[in-house]
> 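Structure provided below as structure tokens; questions to follow.
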Amino acid sequence: MNRNNQEDTIVALATAEGKSAIAVIRISGAKAVEIVQKVFTNKKLSQARTHSLLYGTIKENSEVIDEVVISVFKAPNSFTREDVVEISCHGSLYIIKKIIHILISYGCRYAEAGEFTKRAFLNGRFDLTQAEAVADLISAESDIAHKIALNQMRDGFMKDIMQLRKTLIHFASMIELELDFSEEDVQFANRNELRTLIETIITAIKPLIKGFDQGNIIKNGIQTVIIGIPNAGKSTLLNAIINEEKAIVSPIPGTTRDLIEETIHIDGIMFRFIDTAGLRESADTIESMGIEKTKKKMQEASLILYIFDLVQERTERILEVVQELTNEKKKFIPIGNKVDECSPQIVELLKENTDFVFISALKKQGLEHIKEKMKEKMQIETIQSGKYIFTNSRHYEKFTRSLLSLQQVLTALDEKHTSDILAFHLKDALSLLGEVSGEITNEEVLRNIFSSFCIGK
Ligand code: GDP
């Protein structure tokens, strides 16, 4: 994809491929209306007002291909800011292919992945982070992921930063000017004002960087593992938690039962239970897996539900394990199972650790407490109230590096370094921030970003 063919009128199927009641074919570009009119029987298309619908047939020569409804969006009031025509036809693969081929024979070009969104970006509809949010919106799997992607697409989190960056450009050019007068030792840029500006930018991007981990939790879910000695009640617990939510236990398409991933949602956040197939099939997970494998599993997890058998296990041993996990700084929830059968003294003793949750997996008692603790451990309340959350590692990398450059500017100011050093770090920060928003970009970066989109988006 290169900028030269920005002039082309592009076409692609915008709905999922496969048989469906209706499919939507999207055409964008200066010739969208003209080309579609050539094959569409309703002659009103050429004069149609923006956001109007027209009914008619698509013909190739005299052969009717389909009866369709066409929506017209005139530039700049469309997604791409160009003229856009959307043809809603019947969802047969034959019809879809045929219509696209006819349109191509009249001068359209088949769109590349993400090209519609790329055009929207290049035509200034939104900044790059907002364009990237379109892809997140389409793949959002949970309530919160959806809200965040939608907010990011509609409002973006870059507006303030882009404004601050503009002011910073002014300071940077003043400092560049100082370099031209280096002999004369003049200062065009007020150092105190520059410092205040840099500090304001740092304050704006720090919470964004901090929110990245939370953003990923929202996007990808929390990897959770259930560990415990054989017969502690791991599979009983898993079943009890999962069965409450049967509707969302879904096999990953195309895999065998072994890879069934079990997920639950707590307040819109997804917890993914790792390696649960073993739990379902044998009761001796720890022994058959060996200590090493258990350790690996615990390392991969972001949250460990450590279940103790209060009937079988000695209190001292339980306390030892809890201590070990605490020392390793793992996020874990100690769970005492089988309270329906164990001696009340054990519960009394362990209660001293206020993190302990006591349950009977068999009788489904205490499960709500586990969920409460899961929320608490993963700080779900903060995640939900986090206004500035992004999930994209490209943004994370650029923000982290720009923070570093900005801090270097501060150090240079503190240590009264010369203008050339200030200019160097400022340039760095400016270009990194510009790369996040897409104010500075190149074809390769754009290609990378948009090629992960689907065709038609
Ligand atoms: P796993 O090996 O850790 O997966 O343990 P299981 O879930 O297979 O449970 C082992 C045995 O403990 C089974 O016979 C369960 O019915 C029993 N069990 C599990 N939870 C409880 C509980 O809360 N109370 C009692 N009394 N028995 C339980």
Side-chain angles (χ1 to χ4, degrees), residues 1-18 20 22-40 45-46 48 50-54 56 58-60 65-66 68-128 130-135 137-138 153 438 441-457:
M1 231 193 280
N2 61 50
R3 272 169 190 247
N4 300 338
N5 57 21
Q6 265 289 105
E7 305 296 313
D8 295 348
T9 296
I10 52 173
V11 58
L13 176 66
T15 41
E17 212 162 305
S20 59
I22 288 172
V24 176
I25 296 169
R26 196 186 224 182
I27 301 108
S28 177
K31 292 193 175 158
V33 174
E34 182 190 321
I35 293 175
V36 177
Q37 182 66 90
K38 285 183 183 156
V39 297
F40 187 50
L45 176 58
S46 306
T50 186
H51 293 70
S52 58
L53 291 178
L54 295 150
I58 299 271
K59 277 188 174 177
E60 183 181 38
I65 306 299
D66 197 11
V68 303
V69 172
I70 281 183
S71 341
V72 185
F73 306 91
K74 290 277 178 71
N77 299 310
S78 72
F79 178 67
T80 57
R81 294 236 164 128
E82 303 170 336
D83 279 352
V84 170
V85 175
E86 286 180 1
I87 304 176
S88 304
C89 60
H90 291 98
S92 113
L93 281 178
Y94 173 78
I95 294 176
I96 295 165
K97 268 198 185 148
K98 192 83 187 169
I99 295 179
I100 292 180
H101 282 166
I102 301 172
L103 292 170
I104 288 176
S105 73
Y106 279 100
C108 282
R109 168 171 66 72
Y110 199 61
E112 297 186 32
E115 196 169 358
F116 292 91
T117 315
K118 182 184 172 189
R119 286 188 174 196
F121 161 68
L122 290 174
N123 293 329
R125 190 178 196 276
F126 35 45
D127 72 55
L128 196 52
Q130 289 174 297
E132 289 167 296
V134 175
L137 186 64
I138 296 172
M153 188 185 78
T441 190
N442 63 47
E443 194 49 41
E444 194 187 336
V445 171
L446 291 185
R447 198 180 311 126
N448 264 337
I449 292 175
F450 290 106
S451 61
S452 63
F453 279 53
C454 30
I455 303 265
K457 191 58 236 171

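A quick note: this is a predicted structure, and the numbers were derived from the prediction, not measured.
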> Do F79 and R125 touch side chain to side chain, with heavy atoms closer than 4.5 Å?
yes
> Which pairs of donor and acceptor atoms, one on a side chain in residues 91-100, lie under 3.5 Å apart (sequence neighbours left out)?
| unit_1 | atom_1 | unit_2 | atom_2 | d |
| --- | --- | --- | --- | --- |
| S92 | OG | Y94 | N | 3.2 |
| S92 | OG | I95 | N | 2.9 |
| K98 | NZ | E60 | OE1 | 3.2 |

> How many angstroms lie between CD in Q6 and CD in E82, if you round to the nearest 0.5 Å?
6.5 Å
> In the structure I gave you, are the side-chain heavy atoms of K38 and I102 within less than 4.5 Å of one another anywhere?
no
> Walk me through whether V68 and F40 qualify under side-chain contact (heavy atoms from CB on, under 4.5 Å).
CA-CA 9 Å; V68 303; F40 187 50; 3.7 Å; yes
> Between CG of L103 and CD1 of I87, what distance do you get to the nearest 0.5 Å?
5.0 Å
> Is a salt bridge present between E443 and K118, judged by a nitrogen-to-oxygen distance below 4.0 Å?
yes
> Just so I know, are the side chains of C108 and I27 near enough to count as touching, which here means a heavy-atom distance under 4.5 Å?
yes
> On a heavy-atom basis, which atom in G114 and which in F453 lie closest, and how many Å separate them?
CA-CB, 3.4 Å
> Tell me, yes or no, whether the heavy-atom count around K31 atom NZ, taken from other residues, nucleotides or ligands under 6.0 Å, exceeds 12.
no
> If I compare all heavy atoms of A131 with all of T117, which pair ends up nearest, and what's the gap?
O-CG2, 3.8 Å
> Distance from Y110 atom OH to H101 atom NE2, nearest 0.5 Å?
8.5 Å
> Check whether any side-chain heavy atom of R119 lies under 4.5 Å from a side-chain heavy atom of I10, and answer yes or no.
yes
> Would you check, one step at a time, whether the test side-chain contact (heavy atoms from CB on, under 4.5 Å) holds for L446 with L122?
CA-CA 10 Å; L446 291 185; L122 290 174; 4.0 Å; yes
> Return yes if some donor-acceptor pair links the side-chain N/O of T15 with the main-chain N/O of V24 below 3.5 Å, else return no.
yes
> Quick one: closest heavy-atom pair of A75 and D83, and the distance?
N-OD1, 2.8 Å
> Specify the closest pair of heavy atoms between A111 and A12, including all atoms of both residues, with the distance to one decimal.
CB-CB, 3.9 Å
> Begin from the C-alpha positions of V134 and F450 and carry the test side-chain contact (heavy atoms from CB on, under 4.5 Å) through to its verdict.
CA-CA 10 Å; V134 175; F450 290 106; over 6 Å; no
> How long is the span from the CG atom in N442 to the CZ atom in R447, to the nearest 0.5 Å?
9.0 Å
> Given side chains that start at C-beta, do those of I35 and T9 come closer than 4.5 Å, heavy atoms only?
yes
> Check whether any side-chain N or O of T50 sits under 3.5 Å from a backbone N or O of K74 as a donor-acceptor pair, and report yes or no.
yes
> Output yes when a side-chain donor or acceptor of E86 lies under 3.5 Å from a complementary backbone atom of S71, and no otherwise.
no
> For the backbone of H51 and the side chain of N77, can you confirm whether one donor and one acceptor N or O come within less than 3.5 Å of each other?
no
